[in-house]
Number of protein chains: 2
Amino acid sequence: MRQTKQRTEIERIFQDFNRPLGPQEIHEIARKSLTSINLATIYRTLNRMLDEEVIVAVGVPGEPDRYELKKAAATHHHHFRCEKCQTVYDLQGCVENLKAMLPNNFSMTSHDIWLYGICKDCN
Amino acid sequence: MRQTKQRTEIERIFQDFNRPLGPQEIHEIARKSLTSINLATIYRTLNRMLDEEVIVAVGVPGEPDRYELKKAAATHHHHFRCEKCQTVYDLQGCVENLKAMLPNNFSMTSHDIWLYGICKDCN
DNA sequence: ATGTTATTGCAAAAGTATTCTCATTAGCAT
DNA sequence: ATGCTAATGAGAATACTTTTGCAATAACAT
């Protein structure tokens with residue numbers, strides 16, 4: 001594995017932004033720092049980071065997956081999506097009694113909570 | 001609007017199954033009853049039903065939207081997705097304290113809860 | 001400093017989901 | 001029963017998103 005400036009930049013972006021990012025989103029951010037970086041490189045790097053288990057995919061209802069550092073995902077957390085700027089933020093905390101929603105004979109292995117609204121920057 | 005047998009069948013399927021269904025899924029179910037029905041017809045009918053506000057889209061994390069009767073969606077509810085058969089079920093009930101997860105200066109307009117596990121049929 | 005070769009950029013291609021064109025079929029008003 | 005025309009089937013065409021082939025570039029071990 002060679003530490004190219006593209007890879008370094010993508011890693012920096014994940015660290016700095018600390019929230020789930022999509023390929024396109026990463027591309028746009030990276031172009032600001034690097035003169036040129038190709039979308040294909042973003043995809044290749046994401047796939048490598050996925051293999052290395054440095055990042056994990058975050059399935060967003062109604063849109064393609066985003067990715068976030070596995071390190072950040074290690075702590076149980078959920079997400080907020082701003083309806084104005086579409087940004088996805090990590091949330092802390094969780095709720096109780098989710099199992100109470102389960103019908104008879106269904107077993108639960110995991111869950112996902114999405115809050116929607118307007119983020120601090122758009123408010 | 002003409003009541004074709006395709007449209008009737010799709011309406012019947014939504015009524016009978018009473019859970020979020022994807023275009024492909026509806027197509028496969030419909031083929032069992034109707035000798036032939038085209039996927040394009042499913043899409044056209046779904047779009048019409050969406051316009052008429054008879055159905056609503058359900059965004060599923062990590063996969064394309066499914067649709068369910070607006071009538072069913074009128075009652076606040078959430079979803080369960082079976083990790084074995086991929087079926088999505090409607091759940092009843094909800095939880096408290098979701099707003100406690102909201103960071104400062106974020107406002108919340110809605111939320112979504114997804115439970116994952118094994119459904120009654122796969123158990 | 002140099003050589004090897006992993007990585008990149010670019011453009012083409014592939015994979016999906018969804019829409020569209022158009023000739024044919026079939027609701028339904030008369 | 002007939003005619004008008006909305007809806008369908010079939011397949012081509014779009015629209016994205018993601019992947020690939022290949023020549024050029026740039027890490028980094030020596």
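Hydrogens, waters and symmetry mates are skipped; everything else that's a heavy atom, side chains included, is used.
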*Asks:* Taking the side chain as every heavy atom from C-beta outward, state whether A/K70 and A/E52 have any atom pair closer than 4.5 Å.
*Replies:*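 No, every pair of side-chain atoms sits at 4.5 Å or beyond.
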*Asks:* Where does the angle between the aromatic ring planes of A/F106 and B/F80 fall among parallel (under 30°), tilted (30 to 60°) and perpendicular (over 60°)?
*Replies:*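 If you compare the ring of A/F106 with that of B/F80, the planes turn out perpendicular.
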*Asks:* What nucleotide, of C/dA17, D/dT8, C/dG9, holds the atom closest to the side chain of B/P64?
*Replies:* C/dA17
*Asks:* Under 4.0 Å, heavy atoms only, any strand: does A/Q24 hit a base, just the sugar-phosphate, or nothing?
*Replies:* nothing
*Asks:* How many whole angstroms separate atom CD1 of B/I10 from atom C1' of D/dA7?
*Replies:*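 Whole-Å distance recorded here is 11 Å.
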*Asks:* Which class fits the ring pair A/Y116 and A/W114: parallel under 30°, tilted 30 to 60°, perpendicular over 60°?
*Replies:* parallel
*Asks:* Within this structure, what is the OH-to-P distance between A/Y43 and C/dC10, rounded to whole angstrom?
*Replies:* 17 Å
*Asks:* Would you say B/R31 reaches D/dG9's phosphate, i.e. side-chain N/O to OP1/OP2 under 4.0 Å?
*Replies:*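 So the side-chain polar atoms of B/R31 never come under 4.0 Å of the phosphate oxygens OP1 or OP2 of D/dG9.
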*Asks:* Using whole Å, report how far CD1 of A/I26 lies from P of C/dT8.
*Replies:*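 Going from A/I26 (CD1) to C/dT8 (P), I get 14 Å.
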*Asks:* Do A/R81 and A/E63 have side-chain heavy atoms sitting under 4.5 Å apart?
*Replies:* yes
*Asks:* Any donor-acceptor pair under 3.5 Å joining the side chain of A/R44 to the base of D/dG21?
*Replies:*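 Yes.
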*Asks:* With distance as the sole test, does B/H27 use its side chain to make a donor-acceptor pair with the main-chain N or O of B/I37 at under 3.5 Å?
*Replies:* yes
*Asks:* Just the rounded figure in Å: distance from C1' of D/dA6 to NZ of B/K5.
*Replies:* 14 Å
*Asks:* Distance check: side-chain N/O of B/Q3 vs OP1/OP2 of D/dA7, anything under 4.0 Å?
*Replies:*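 No.
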*Asks:* Measuring to OP1 and OP2 of C/dT19, would you say a side-chain N or O of B/N47 lies under 4.0 angstrom away?
*Replies:*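 B/N47 to C/dT19 OP1/OP2: side-chain N or O found under 4.0 Å.
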*Asks:* Can you tell me how far C1' of D/dA10 sits from CD of B/Q6, to the nearest Å?
*Replies:* 14 Å
*Asks:* Starting at atom CE of A/M1, determine the distance to atom C1' of C/dT8, rounded to an integer number of angstrom.
*Replies:* 15 Å
*Asks:* What is the distance, rounded to the nearest whole Å, between atom CG of A/L39 and atom P of C/dA11?
*Replies:*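 For the pair A/L39 CG and C/dA11 P, the rounded distance is 13 Å.
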*Asks:* In whole Å, what is the span from the CZ atom of A/R2 to the P atom of C/dT4?
*Replies:*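 Whole-Å distance recorded here is 12 Å.
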*Asks:* Please determine if a side-chain N or O atom of B/T4 lies less than 4.0 Å away from the OP1 or OP2 oxygen of C/dG27.
*Replies:* no
*Asks:* Are any of A/R66's side-chain N or O atoms less than 4.0 Å away from OP1 or OP2 of D/dT17?
*Replies:*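 Answer no for this pair, as no side-chain N or O of A/R66 is under 4.0 Å from OP1 or OP2.
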